[in-house]
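The first residue of the sequence shown is numbered 1, and numbering continues consecutively from there. Keep in mind that this is a model prediction, so the values were computed, not measured.
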Amino acid sequence: MARALRHVEGAELVAVGSRSMERAASFAERFGATRAHGSYEALLDDDEVDLVYVATPHSSHRELAVAALEAGRHVLCEKAFAVNAREAREMAAAARASGRFLMEAMWTWFLPPVVELRRRLASGEIGRVRAVEANFSIAVPGPTGRHHELALAGGALLDLGVYPVALSRFLLGPPVEVRALGELGPTAVDVNLGVVASHPDGAVSIFHTGLEARSSHWCEVVGTEGVVRIEPPFWGTSGFTIDRHDGAPERVEVPHHGLAHEAIHAVERIRGGHLESDVIPLDTSVAIMATLDEIRRQIGVTYPADTP
Ligand SMILES: NC(=O)c1ccc[n+]([C@@H]2O[C@H](COP(=O)([O-])OP(=O)(O)OC[C@H]3O[C@@H](n4cnc5c(N)ncnc54)[C@H](OP(=O)(O)O)[C@@H]3O)[C@@H](O)[C@H]2O)c1
């Protein structure tokens with residue numbers, strides 16, 4: 001994000017906050033932030049800061065986002081938005097009470113190639129869309145590290161699976177029903193799972209995610225008149241191929257600046273006096289968390305924050 005801000009007109013990396021002054025200073029020097037703060041509280045107290053980008057482990061999103069909003073800052077909060085839907089609702093309520101802008105940093109929804117793909121699907125280029133199939137699995141050996149820590153809301157689903165959950169919602173609409181099967185690792189986080197969901201008009205989404213093996217990171221959209229292959233990594237793709245049954249394949253490439261597009265959107269909305277995004281409103285982020293909650297319920301992952 002620090003690098004992407006170059007492409008966000010009018011935005012400037014003013015300050016960085018870390019639990020360690022040394023790490024904050026080193027980040028500030030590397031990425032050109034004007035000030036370094038040795039605590040998150042000091043960052044939130046910095047009146048030069050208009051918007052805080054929360055990019056810490058999932059278990060701290062609610063606390064930091066709410067504190068930032070209460071300190072009068074706008075907030076862009078990394079995915080997964082929170083640990084569960086209850087926390088997401090608390091964050092949305094805090095945003096509304098503070099009169100500050102809050103948005104989930106689901107950058108894939110703002111990527112120009114993905115926006116173009118959605119436009120083409122809506123215009124019927126591959127007929128009725130019947131399925132979205134995706135995979136996002138990486139090899140992160142445990143049992144130590146953020147991905148494996150239950151207390152930090154680790155596991156494949158919140159870190160990686162949130163992308164296919166969000167993308168299938170973006171392309172097919174909200175899930176109607178979700179079925180999940182999966183395996184937990186020695187630290188009780190999900191390390192390998194498969195999910196099938198039904199969507200409006202009978203379309204289905206299917207995905208695999210995990211922490212034990214690296215997958216291809218492809219996504220395929222299947223329509224009655226053709227197939228779209230989204231090039232890997234699908235969540236940060238640069239292009240896709242539309243393969244219609246009645247013609248030659250068409251490759252579509254759309255250049256982009258990664259995380260910059262969500263930030264450009266956030267800045268535009270804030271300047272327009274809005275308190276949330278019209279692309280990913282707060283109720284949508286709560287609904288995505290509710291889908292993740294349901295998947296976790298079915299595979300048996302419970303975080304400490306689920307039982308406050
Ligand atoms: N959009 C994307 O492409 C993308 C990619 C990767 C991750 N993410 C998301 O970004 C967030 C952070 O992921 P990450 O992989 O960057 O995590 P990470 O490297 O483990 O943590 C990021 C920073 O959080 C701070 N932190 C605060 N509390 C912590 C704790 N209890 N344990 C460890 N670190 C803590 C640490 O900074 P200090 O110690 O300096 O305070 C750490 O450097 C997650 O929500 C993740 O899903 C998004």
Side-chain angles (χ1 to χ4, degrees), residues 1-19 24 27-28 31-83 85-111 115 162 166 170 256-289:
M1 179 59 84
R3 283 195 201 97
L5 282 185
R6 259 185 259 138
H7 304 285
V8 186
E9 209 188 308
E12 188 191 339
L13 182 59
V14 177
V16 57
S18 164
R19 296 169 300 170
F27 187 100
F31 294 102
T34 318
R35 274 192 302 288
H37 296 290
S39 74
Y40 297 147
E41 293 76 13
L43 175 75
L44 302 187
D45 278 346
D46 185 336
D47 282 330
E48 296 284 301
V49 173
D50 296 318
L51 181 145
V52 172
Y53 170 53
V54 175
T56 53
H58 311 134
S59 52
S60 55
H61 288 184
R62 185 198 62 82
E63 187 185 335
L64 290 177
V66 170
L69 291 162
E70 287 175 351
R73 316 293 162 216
H74 303 295
V75 176
L76 181 60
C77 181
E78 262 302 341
K79 42 55 65 175
F81 194 50
V83 171
R86 178 186 53 76
E87 287 195 353
R89 275 191 293 273
E90 288 171 13
M91 290 158 70
R96 286 166 186 145
S98 69
R100 290 292 179 270
F101 177 89
L102 171 65
M103 185 182 105
E104 176 181 356
M106 179 39 74
W107 62 298
T108 307
W109 284 25
F110 299 91
L111 274 185
V115 173
V162 63
F170 194 59
H256 64 78
H257 297 296
L259 301 181
H261 302 282
E262 61 182 359
I264 291 168
H265 173 78
V267 167
E268 281 172 2
R269 292 294 286 177
I270 292 166
R271 287 203 175 124
H274 302 284
L275 297 184
E276 57 186 294
S277 165
D278 55 345
V279 174
I280 184 157
L282 292 170
D283 286 349
T284 300
S285 294
V286 171
I288 291 172
M289 287 314 308

Hey, what do you get for [atom1] ([X]) to [atom2] ([Y]), rounding to the nearest 0.5 Å?
X      : Y      : atom1 : atom2 : result
Leu69  : Leu102 : CG    : CG    : 5.5 Å
His61  : Met289 : NE2   : CE    : 10.0 Å
Ser18  : His37  : OG    : NE2   : 11.5 Å
Met106 : Ser277 : CE    : OG    : 12.5 Å
Arg3   : Leu5   : CZ    : CG    : 11.5 Å
Glu78  : His58  : CD    : NE2   : 8.0 Å

Looking only at heavy atoms, which two atoms of [X] and [Y] are closest? And how far apart?
X      : Y      : answer
Phe81  : Met91  : O-CE, 3.3 Å
Ala260 : Val8   : O-CG2, 3.8 Å
Ile288 : Ile280 : CD1-CD1, 4.2 Å
Lys79  : Ala105 : CG-O, 3.9 Å
Ala65  : Val75  : O-CG2, 3.9 Å
Glu9   : Arg271 : O-NH1, 3.8 Å

Query - Backbone N/O of Leu44 and side chain of Arg73: donor-acceptor pair under 3.5 Å - result: yes

Query raised in the report: Hey, does the side chain of His274 reach the backbone of Glu276 with a donor-acceptor pair shorter than 3.5 angstrom?
Result: no

Report task. Just do the side chain to side chain contact (heavy atoms under 4.5 Å, CB included) check on Asp278 and Arg269 with the steps written out, would you? Result -> CA-CA 9 Å; Asp278 55 345; Arg269 292 294 286 177; 3.5 Å; yes

Query raised in the report: Could you go step by step and tell me if Tyr40 and Thr56 meet the side chain to side chain contact (heavy atoms under 4.5 Å, CB included) rule?
Result: CA-CA 11 Å; Tyr40 297 147; Thr56 53; 3.7 Å; yes

Report task. Inspect the contact between Asp283 and Arg96 and indicate whether a charged nitrogen and a carboxylate oxygen are less than 4.0 angstrom apart. Result -> yes

Query raised in the report: Considering residues at least two apart in sequence or located in another chain, which fulfil the ring-ring contact (aromatic ring centres under 6.0 Å, His included) criterion with Tyr53?
Result: none

Taking C-beta and beyond as the side chain, do [X] and [Y] meet within less than 4.5 Å on heavy atoms?
X      : Y      : answer
Leu76  : Met1   : yes
Val279 : Met103 : no
Phe31  : Val16  : no

Requested in this report: Specify whether His7 and His257 have parallel, tilted or perpendicular ring planes, treating 30° as the upper limit for parallel and 60° as the lower limit for perpendicular.
Outcome: parallel

Query raised in the report: Please walk me through it: do Thr284 and Glu104 pass side chain to side chain contact (heavy atoms under 4.5 Å, CB included)?
Result: CA-CA 9 Å; Thr284 300; Glu104 176 181 356; over 6 Å; no

